[in-house]
Visitor: 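Here it is, the structure, as structure tokens.
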There are 2 protein chains.
Amino acid sequence: MGIAERRQKEKAEMRQNILDAAMDLFVSEGFENVSIRKIAEKIEYHPSTIYLYFEDKDSIIFELHNIGFMKLLEKQMSIQNVADPVERLFAHGRAYLEFALENQHYYDIMFILPNPTIKIANCPRWEGKDRAYDLLKKNIDQCMDAGHFSGLTDDGLAFILWSLMHGIASLHIRRGVVLAEFYEGQTSNLVDYSLTMLHTFVEKLM
Amino acid sequence: MGIAERRQKEKAEMRQNILDAAMDLFVSEGFENVSIRKIAEKIEYHPSTIYLYFEDKDSIIFELHNIGFMKLLEKQMSIQNVADPVERLFAHGRAYLEFALENQHYYDIMFILPNPTIKIANCPRWEGKDRAYDLLKKNIDQCMDAGHFSGLTDDGLAFILWSLMHGIASLHIRRGVVLAEFYEGQTSNLVDYSLTMLHTFVEKLM
DNA sequence: TGACAAAATCAACAGTGTTGATTATATTTG
DNA sequence: CAAATATAATCAACACTGTTGATTTTGTCA
């Protein structure tokens, strides 16, 4: 069965090629300007060929969406070794914001663009979001175990914190609104500013 | 000059017709499925005719974006008579969320879709966002004058609050993530839940 | 009524996602 | 090795999309 195995590997490589080309175009040409035909041209295949590897265009975007969640989760896992639970929660927030601003196109696909949402609706149970959410909630629980955030629920705080982080990230990515007052072009500025705000803020909740 | 005046009025009516048709399609057919040709069919004109009234498709969306900001501002003005500044701030938040969830398509155009952002970039100074932002900041300032939120800046708090409200609204509109835990289909549920959270939260900041 | 300007239409261009039929390329069998 | 078969890639076409220059219809005024 060595041959079927190789077939499978080639298929996977081709899928990856397509995904890479799509992501490249996404970054270089922007949102709307990535087309099946341009992807095909980039990998030097006929447009039809892509349909042998993906059901349709949305499936490609959905796959990029999944890859983005993998990357986010990986980044979030990398700070789980921070000892103090509150510090860990801040690191968690920083990791989220850094991910969003350093991978704006992934973040766009994951949380802002409508296309993946459509696919998710047809996807009975997609665990990516749950894993990210559970990780946040676990961190919050551990803060609570350490005696913080009394009077709040973990779900409630998770809801607020995620919404806040997403709000900051997405208002930035679709800028022109609100953030012009703070933002002067450097990503780090916004992350630092936001984290300072988050500190001021979460400390009052503790 | 009665004739030129009528001409102008007819032109304005036609523009409004186009905008109405576009918004209808937006609501009924959804995001991507509104095309110049469908708008034309709806108002029973030839597609080309639309280009006599709008420069291009993005201009139509940009105009809807502006109308949305007018509506939001109007709603926010309507609660400015609440006497207590802190109560007024909460009413402000509620108005924002209600607007977002009751006019999801407007909110989408205003804050989520990429198209208007492109047009804004070419628009040297578009005051819509400023007016909404200034109103929020004014309310915050008045809370501060009443002795609340010591140790915070008005810009900082405005940044946090707007980001939070936008995060809640946009995660809801592009749902499937996070909110499934809370959201059970009724808009009012989410508004009430969010407002409860906001209360718990802002009271600790005071 | 004829001249002129404004409004609407037409036909076409280049681009899009997608698909059924067709050709080329491997792989397996006789 | 050659024939038969399964897989991969291409092709041509369909029905869309936004947009525009040329053309026709409509309305207004002398």
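Below, chains carry the letters A, B, ... as their sequence lines are ordered, and counting in each starts from 1.
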Visitor: Using whole Å, report how far CD of B:E44 lies from P of C:dA8.
Guide: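 Value for this atom pair: 14 Å.
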
Visitor: B:D24 vs B:K38, test: salt bridge (Lys or Arg N to Asp or Glu O under 4.0 Å). Steps then yes/no.
Guide: CA-CA 11 Å; B:D24 281 1; B:K38 278 183 189 161; over 6 Å; no

Visitor: Check every strand shown and say whether B:S35 touches a base, only sugar-phosphate, or nothing at a heavy-atom separation below 4.0 Å.
Guide: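 Counting heavy atoms under 4.0 Å across all strands, the contact made by B:S35 is with sugar-phosphate only.
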
Visitor: Look at the side chain of B:T49 and decide which nucleotide, out of D:dT20, C:dA8, C:dT19, has an atom nearest to it.
Guide: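 From the listed options, C:dA8 comes nearest.
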
Visitor: Roughly how many Å is it from CE in B:M14 to C1' in D:dT26, rounded to a whole number?
Guide: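 Interatomic distance, CE of B:M14 to C1' of D:dT26: 14 Å.
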
Visitor: Counting N and O atoms only, with roles assigned by atom type, does the side chain of A:T49 sit under 3.5 Å from a partner on the main chain of A:Y45, one being a donor and the other an acceptor?
Guide: no

Visitor: Find the distance A:H46:NE2 to C:dT18:P and express it as a whole number of Å.
Guide: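 In whole Å, C:dT18 P lies 15 Å from A:H46 NE2.
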
Visitor: Could you tell me the separation between the CD1 atom of B:I43 and the C1' atom of C:dT9, rounded to a whole number of Å?
Guide: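 Computing the B:I43:CD1 to C:dT9:C1' distance gives 13 Å.
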
Visitor: Under a 3.5 Å distance rule, please check whether B:R88 uses its side chain to pair with a backbone N or O of B:V82 as donor and acceptor.
Guide: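 Yes; judged by distance alone, with no hydrogens or angles, the pair exists.
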
Visitor: Can you find an N or O donor on one side and an acceptor on the other, under 3.5 Å apart, linking the side chain of A:R37 with the base of C:dG15?
Guide: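 There is none.
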
Visitor: Taking CD from B:E32 and P from D:dG18, how many angstroms apart are they, rounded to a whole number?
Guide: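 So the CD-P distance, B:E32 to D:dG18, works out to 10 Å.
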
Visitor: For B:V34, does its backbone N or O pair with a side-chain atom of B:K57 as donor and acceptor, under 3.5 Å?
Guide: yes

Visitor: To the nearest Å, how far apart are B:K11 NZ and C:dA7 C1'?
Guide: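 Those two atoms, NZ and C1', are 9 Å apart.
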
Visitor: Between C1' on C:dT16 and CG on A:L25, what's the gap in Å once rounded to a whole number?
Guide: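 In whole Å, C:dT16 C1' lies 14 Å from A:L25 CG.
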
Visitor: How do A:S48 and A:K38 order along DNA chain C: which one's closest nucleotide is nearer the 5' end?
Guide: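 Comparing both residues, the 5'-ward one is A:K38.
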
Visitor: Over all strands shown, is B:Y53 touching base, sugar-phosphate only, or nothing at heavy-atom distances under 4.0 angstrom?
Guide: sugar-phosphate

Visitor: Ignoring hydrogens and angles, tell me if any N or O in the side chain of B:Q104 forms a donor-acceptor pair with the backbone of B:A100 under 3.5 Å.
Guide: no

Visitor: Of the nucleotides D:dT10, D:dT19, C:dT18, which one has an atom closest to the side chain of B:P47?
Guide: D:dT19

Visitor: Measure from CG on A:L52 to P on C:dA24 and round the result to the nearest Å.
Guide: 17 Å

